[in-house]
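As a basis for the values below, the full set of heavy atoms in this structure was taken, side chains included, without hydrogen atoms, waters or symmetry mates. Starting from 1, each residue takes its place in the sequence as its number.
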Amino acid sequence: MALGNASSVKEFILLGLTQQLELQMPLFFLFLGIYVVSVVGNLGLIILIVLNPHLHTPMYYFLFNLSFTDLCYSTVITPRMLVGFVKQNIISHAECMTQLFFFAFFVIDECYILTAMAYDRYAAICKPLLYQVTMSRQVCLLMTMGVYVMGFLGSMAHIVCMLRLDFCNGNIINHYVCDVLPLLKLSCTSTFINELVVFIVVGVNVIVPSLTLFVSYTLILSNILSIHSAEGRSKAFSTCGSHVIAVSLFFGAAAFMYLKPSSASVDDDKVSTIFYTIVGPMLNPFIYSIRNKDVHLALRKTMKRSFT
């Protein structure tokens, strides 16, 4: 269904995750279940943090923002993906650009929120006496503003460059989401500027968080190993263990996506994207709450208030 010129491209067709008809319904119910669990988990964690004053600390403030980002993230991607399992997934040009904007916005936000959480753990473990000053309310607000500003700048850079392109090599996007690289393949005009922007935006938003995470956890590990008490080391490890798992899941899947050989198939792109855009937001609430005594206490208090 290729279209002859840019002016006639009013809509795109998202091919979705797979074209195998026998897999459509099983995958629909699988990802519908994942989406429901993701929404319930992240919304539940947000409500717990808001309703319980003892969770009003920098650590849970950033966790609140992570859950909010994951909730929005899932809603931007999964419902449109589910449409593709039951019928031809046609998306207008405006809707596609909107999805791309928020997709990029929340991906970048997630990078920096995880980075802010790593810095918070560094301050708590390595500078406990200065923690209240280092992670004051004003500092937390400034860091959060920085997170969303970086997300906005990165997503706007992609959108502004994408809107200058003419799409005349077809309107079929071999993906389940309007992403930058699949869209560039449909352009019949030069994509050099777009590719340069992708290189700069991805480079900045990978290098800065990666260096911060590496330095933070190097200092955290060094500090933990200097603790003589086994109980003290165990407690210190437990305060950042959940975050290490979440960071590994997100950055590991993203690294596989962007650092793979250019010869890798489109199907590999889709699978790796699923892990950091759909599976990650579902798992994060459980990663941060399963062994978290503060969250368990907040849940018991909230349920007790609800039934009394």
Distance-only, no hydrogens or angles: does the [X] side chain make a donor-acceptor pair with backbone N or O of [Y] under 3.5 Å?
X      : Y      : value
Thr75  : Leu71  : yes
Asn89  : Arg80  : yes
Gln88  : Gly84  : no
His54  : Leu297 : no
His175 : Gly16  : no
Asp179 : Leu181 : no
Asn42  : Ser38  : yes
Glu110 : Tyr276 : no
His158 : Asn194 : no
Ser92  : Glu95  : yes

Pairing donors with acceptors under 3.5 angstrom, does anything connect the side chains of [X] and [Y]?
X      : Y      : result
Tyr148 : Asn65  : yes
Asp120 : Tyr60  : no
Asn174 : Lys270 : yes

Above 12 or not: heavy atoms from other molecules or residues under 6.0 Å from [atom1] of [X]?
X      : atom1 : answer
Tyr131 : OH    : yes
Ile193 : CD1   : no
Leu163 : CG    : yes
Tyr217 : OH    : yes
Phe102 : CZ    : no

Kindly work out whether a path of hydrophobic side-chain contacts (I/L/V/M/F/W/Y, heavy atoms less than 4.5 Å apart) joins [X] to [Y].
X      : Y      : result
Tyr73  : Ile159 : yes
Val107 : Val208 : yes
Phe85  : Val83  : no
Met97  : Phe152 : yes
Val204 : Leu211 : no

* **Steps toward side chain to side chain donor-acceptor pair (under 3.5 Å) verdict (Asn223, Tyr122)** => CA-CA 9 Å; Asn223 187 273; Tyr122 157 75; over 6 Å; no

Say you draw a straight line from [atom1] of [X] to [atom2] of [Y]; how long is it, rounded to the nearest 0.5 Å?
X      : Y      : atom1 : atom2 : value
Ser226 : Leu221 : OG    : CG    : 10.0 Å
Tyr176 : Phe31  : OH    : CZ    : 7.0 Å
Arg164 : Thr189 : CZ    : OG1   : 6.0 Å

* **Phe12 ring center within less than 6.0 Å of Phe167 ring center** => yes

* Validation row, ring centre Phe64 to ring centre Tyr61 under 6.0 Å -> no

Closest approach of [X] to [Y] (non-hydrogen atoms, all atoms of both residues):
X      : Y      : answer
Gly151 : Phe105 : C-CD1, 3.3 Å
Leu100 : Cys178 : CD1-O, 3.4 Å
Ala118 : Ile220 : O-CD1, 4.2 Å
Cys111 : Thr115 : O-OG1, 2.7 Å
Leu114 : Leu213 : O-CD2, 3.9 Å

